[in-house]
Every structure is written in C-alpha cells, then in structure tokens.
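The sequence lines fix the lettering, A, B, ..., with proteins before strands; numbering per chain opens at 1.
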Protein chains: 2
Amino acid sequence: MPDILHRVGVKLSSPKDTYKALTTCEGLSSWWTDDTTGESKVGGVLKFRFGQRGGFDIKVLELKPDQHVLWQVVDGPEEWIGTKVSFDLKQDGDYTIVLFKHQGWKEPVEFMHHCSTKWAVFLMSLKSVLETGKGAPYPNDVKLDNWN
Amino acid sequence: MPDILHRVGVKLSSPKDTYKALTTCEGLSSWWTDDTTGESKVGGVLKFRFGQRGGFDIKVLELKPDQHVLWQVVDGPEEWIGTKVSFDLKQDGDYTIVLFKHQGWKEPVEFMHHCSTKWAVFLMSLKSVLETGKGAPYPNDVKLDNWN
C-alpha cells in the first residue's frame, strides 16, 4: 500500500520543542489548524476542523516523549479512516529532523496526491512556527489547488 | 514499491503553459534549477544541476502535448537511477491540475522522505512561476532540512 512520506528539519531547535508542537492543542493549532481540540494522551482523541471542509478525528495510539507520535484517523474523509500518521524526531547537528509518514491508504487516488502535497505545506508551516514563531495553520494555510 | 505523489493546481492557466514549463529548458529553469540544459524531445536527455550537490541526467520517454510528460533518470544519486517521473495535466475549472508521480523507488529510505517534500516545494515553485511570473528554482529554492 502506498504511503505519504516527508522529511523536514527544524533549525536551532530541540526535539522537545517539536514534540510539544505535535502533542498539545496549542502547538497543533500553531501549524495545522487553529481549530484543534481534544486530548493528546494515549487513547485520547484530537479533533482537527477546517471550517466547512470538515476535518478529522484522530486517536492517539503512541507517544514517546521527544521521539515519536503515532495517530490513527477514526473519523473524516472515507479515504483517511483507519490510516495512521506518524512523526519520528531526532537531532542531527543543528537540526531537529522530523520524519513523517501517513500510511494505510488503500489506493493511490487523486485525493492522496493532494494530501501528500498538503502535508508538505503543513510540515513547512510546523518548521516555520518553530523557527520564526509564525506558522500558516488553517485558515491561513497555503492553498495548492481547487481542492484547497 | 513506494511512489512519491503530488497534486497542484495552477490558477487561471492553460495546460499549454504548464506543459511548456515542463518541456523547455527555459521553462524548467524557471522553477526547478536555473542550470538546466539538454533536449526535451523523446529520446533526448535533460541535465539538471544543483551546484556542488550534483544533479540528475534524465531521459525523456514520452511527451503528449499539453497532457503528459514521462522521464526516466539515467544518472544521479543511486536511489534515483532507473526511477521514473511523470506529470499529467488536465483542466479543471479555472485550474490546470498537475498530477505528479516519482515511481520506482526500491525502498522508502530517509532520502525518499526528503525528496518527497522537496518535490512538493518545487511544484509550488512551478505553480508560482506560472501564476505570478516568479518561481523559486535552485539556487533560490526553499530549503527544508540539513540535506537542503
């Protein structure tokens, strides 16, 4: 099954800061969508909303402080349900490296192409908020195409 | 085998303009790397260079005007050799949709994660040059991480 893979590096940052941006509503609101609620604890559910476009309910499956986050999508677009999203963090010189994977897609549909590019843009937003204090979460996200 | 997939939409543009940006050295220089040489004809080889980081020699396998471009990497980083890159274009309302695929990766190595994000950034550069006249080709490309 095809996966979406990405890698970004956050300059002059520690994995601790990046982990916080991935595991608190405040952090997630700063780079993905400003409408993020729920509980980031194992077994908890996070709700990410994008206005009229709907959103995702995501269950937290695994948390390893400053190293690893694993989620599973429990509600949202049909293609997303059951898929898993992971972030693995490591220090490499001056950078915190984020290895991202969105796995479990059944088919490489056109929507998956869109989501792959959109994840890249949001991960650049994560990098940006950690490096400069300014991210581009929804509704101020970078638009890609007619699917937004 | 895992593939890199992306989708961007170029607003108020025709597939003809996008096709030109994918099939002429001038066009490719405007969004990928300003050091692009070679011949964009079936059987021709394009050479993309990124200063000291080296680059790629890419053979043109298929060209269908305003619709489809297929390349195969013949020289460059080991992981890229033999892989294929395609661009499929279609009009969708006000947008020219670009469906991108980089296929034939043997393993989902960390470098593939990097290249996936980097392709997204370059495709946003393609979108930008067609919409605004200003792209971000190497050496003015958006940097992602310690691999650049």
Tell me, with the steps shown, if A/D34 and A/R49 meet salt bridge (Lys or Arg N to Asp or Glu O under 4.0 Å). CA-CA 8 Å; A/D34 71 358; A/R49 293 294 178 271; over 6 Å; no
Given the rule that I, L, V, M, F, W and Y join up when any side-chain heavy atoms are under 4.5 Å apart, are B/F56 and B/M112 in one cluster? yes
Proximal component of [X], with respect to chain B [non-hydrogen, under 4.5 Å]:
{"X": "A/K143", "value": "backbone"}
{"X": "A/F100", "value": "backbone"}
{"X": "A/V98", "value": "neither"}
{"X": "A/W119", "value": "neither"}

I'd like to know if A/D145 and B/K127 make a salt bridge, using a cut-off of under 4.0 Å between side-chain N and carboxylate O. no
Could you go through B/W105 and B/F111, starting from their C-alpha distance and side-chain angles, then the distance that decides it, and tell me whether this counts as side-chain contact (heavy atoms from CB on, under 4.5 Å)? CA-CA 10 Å; B/W105 289 80; B/F111 183 49; 4.3 Å; yes
Donor-acceptor check, side chain of [X] to backbone of [Y], threshold 3.5 angstrom: yes or no?
{"X": "A/E131", "Y": "A/K11", "value": "yes"}
{"X": "B/R53", "Y": "B/W147", "value": "yes"}
{"X": "A/T33", "Y": "A/F48", "value": "no"}

Per-residue contacts, residues 64-93 of chain B versus chain A, heavy atoms under 4.5 Å: B/K90, B/D92
Contact summary for A/V129 and A/S30, nearest pair of heavy atoms: CG1-OG, 3.7 Å
Per-residue tally against chain B (heavy atom, under 4.5 Å) across A/M124, A/E110, A/K101 peaks at A/E110
Heavy-atom check, side chain of A/K20 versus side chain of A/L28, under 4.5 Å: no
Please flag which part of B/V142 lies under 4.5 Å from any non-hydrogen atom of chain A: side chain, backbone, both or neither. side chain
Heavy-atom pairs under 4.5 Å with chain A - which of B/T117, B/L123, B/I4, B/V121 has more of them than the others? B/T117
